[in-house]
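One structure is given below, encoded as structure tokens.
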Amino acid sequence: MERVLGIGGYFMRAADPAALTAWYRDCLGLDADEVGLWRQEAGPTVFAPFESDTDYFGSPTQQTMLNFRVRDLEAMLAQLRARGADVAEETQDLPDVGRFGWVTDPEGNRIELWQPA
């Protein structure tokens, strides 16, 4: 059986794609090239469907949530706050899994940040 090799891309609609691209670059350090190619570091990826009525993604209209692995969650959250980003106050620690925090991008998409254990 053929298998997928990994996530090949993540695509989203945006009212202002250039501004949203700049936000991801300037706030999260996502340095994609002019066609969106980003060479990420190797590491674990979670693929997990949630119940349709979950509030974990924030807005009930948000159908998916992007999760980024980070080296230092506290440093990333501080960086985002310093740039005026909409950062959730709470964080979550899961033993043997890691630490989690959340930010909402300028288009209203809730993003999870994960510092693996």
Side-chain angles (χ1 to χ4, degrees):
M1 178 177 122
E2 282 296 315
R3 296 181 184 272
V4 298
L5 302 175
I7 304 265
Y10 185 83
F11 310 97
M12 65 185 95
R13 299 176 196 272
D16 187 340
L20 193 58
T21 297
W23 185 88
Y24 277 84
R25 180 193 63 234
D26 299 342
C27 290
L28 295 174
L30 201 155
D31 55 350
D33 67 14
E34 66 278 351
V35 296
L37 184 63
W38 168 50
R39 300 224 181 257
Q40 64 180 308
E41 293 183 17
T45 299
V46 176
F47 179 84
F50 280 67
E51 292 290 335
S52 61
D53 62 350
T54 186
D55 60 356
Y56 193 69
F57 300 173
S59 168
T61 62
Q62 185 171 335
Q63 295 296 306
T64 63
M65 183 171 61
L66 183 57
N67 171 298
F68 286 119
R69 280 179 276 114
V70 299
R71 184 182 53 80
D72 183 333
L73 180 64
E74 289 305 318
M76 177 60 79
L77 295 175
Q79 174 179 297
L80 289 163
R81 286 184 180 108
R83 292 189 168 274
D86 181 7
V87 178
E89 290 299 319
E90 77 276 0
T91 58
Q92 182 180 36
D93 293 287
L94 294 177
D96 301 322
V97 177
R99 301 190 63 232
F100 298 88
W102 298 269
V103 62
T104 301
D105 75 18
E107 295 274 342
N109 302 297
R110 181 173 163 106
I111 300 162
E112 185 168 66
L113 303 170
W114 172 33
Q115 179 183 322

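In what follows, every heavy atom counts, from backbone to side chain, and hydrogens, waters and symmetry copies are set aside.
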message: Once side chain to side chain donor-acceptor pair (under 3.5 Å) is applied, do any residues pair with S59, and if so which ones, sequence neighbours excluded?
response: T61
message: Whether the side chain of D55 engages the backbone of G58 through a donor-acceptor N/O pair (distance < 3.5 Å, no angle test) should be reported.
response: no
- prompt: In the hydrophobic clustering (ILVMFWY, side-chain contacts below 4.5 Å, transitive), which residues join F47, or is it alone?
  reply: none
message: Could you measure the distance from the OG1 atom of T45 to the CG atom of N67? Nearest 0.5 Å is fine.
response: 8.5 Å
statement: The remaining residues in the hydrophobic cluster of V46, counting side-chain heavy-atom contacts under 4.5 Å among Ile, Leu, Val, Met, Phe, Trp and Tyr, are F50, Y56, F57, M65, L94, V97, F100, W102, W114
query: What's in the same ILVMFWY side-chain cluster as L80, cut-off under 4.5 Å, chained through other members?
result: Y10, M12, L20, W23, Y24, L28, L30, W38, L66, F68, V70, L73, M76, L77, V87, V103, I111, L113
statement: With sequence neighbours left out, the residues meeting salt bridge (Lys or Arg N to Asp or Glu O under 4.0 Å) with D93 are R99
query: Can you tell me if CD on E90 sees more than 12 non-hydrogen neighbours from other groups inside 6.0 Å?
result: yes
- prompt: side chain to side chain contact (heavy atoms under 4.5 Å, CB included) with A78: which residues, sequence neighbours excluded?
  reply: none
- line: Tightest non-hydrogen contact, residues R69 and P44, listed as NE-O, 2.8 Å
query: To the nearest 0.5 Å, how far apart are CD in E34 and OG1 in T21?
result: 12.0 Å
- prompt: Is a donor on one side and an acceptor on the other found under 3.5 Å between the side chain of E107 and the backbone of P17?
  reply: no
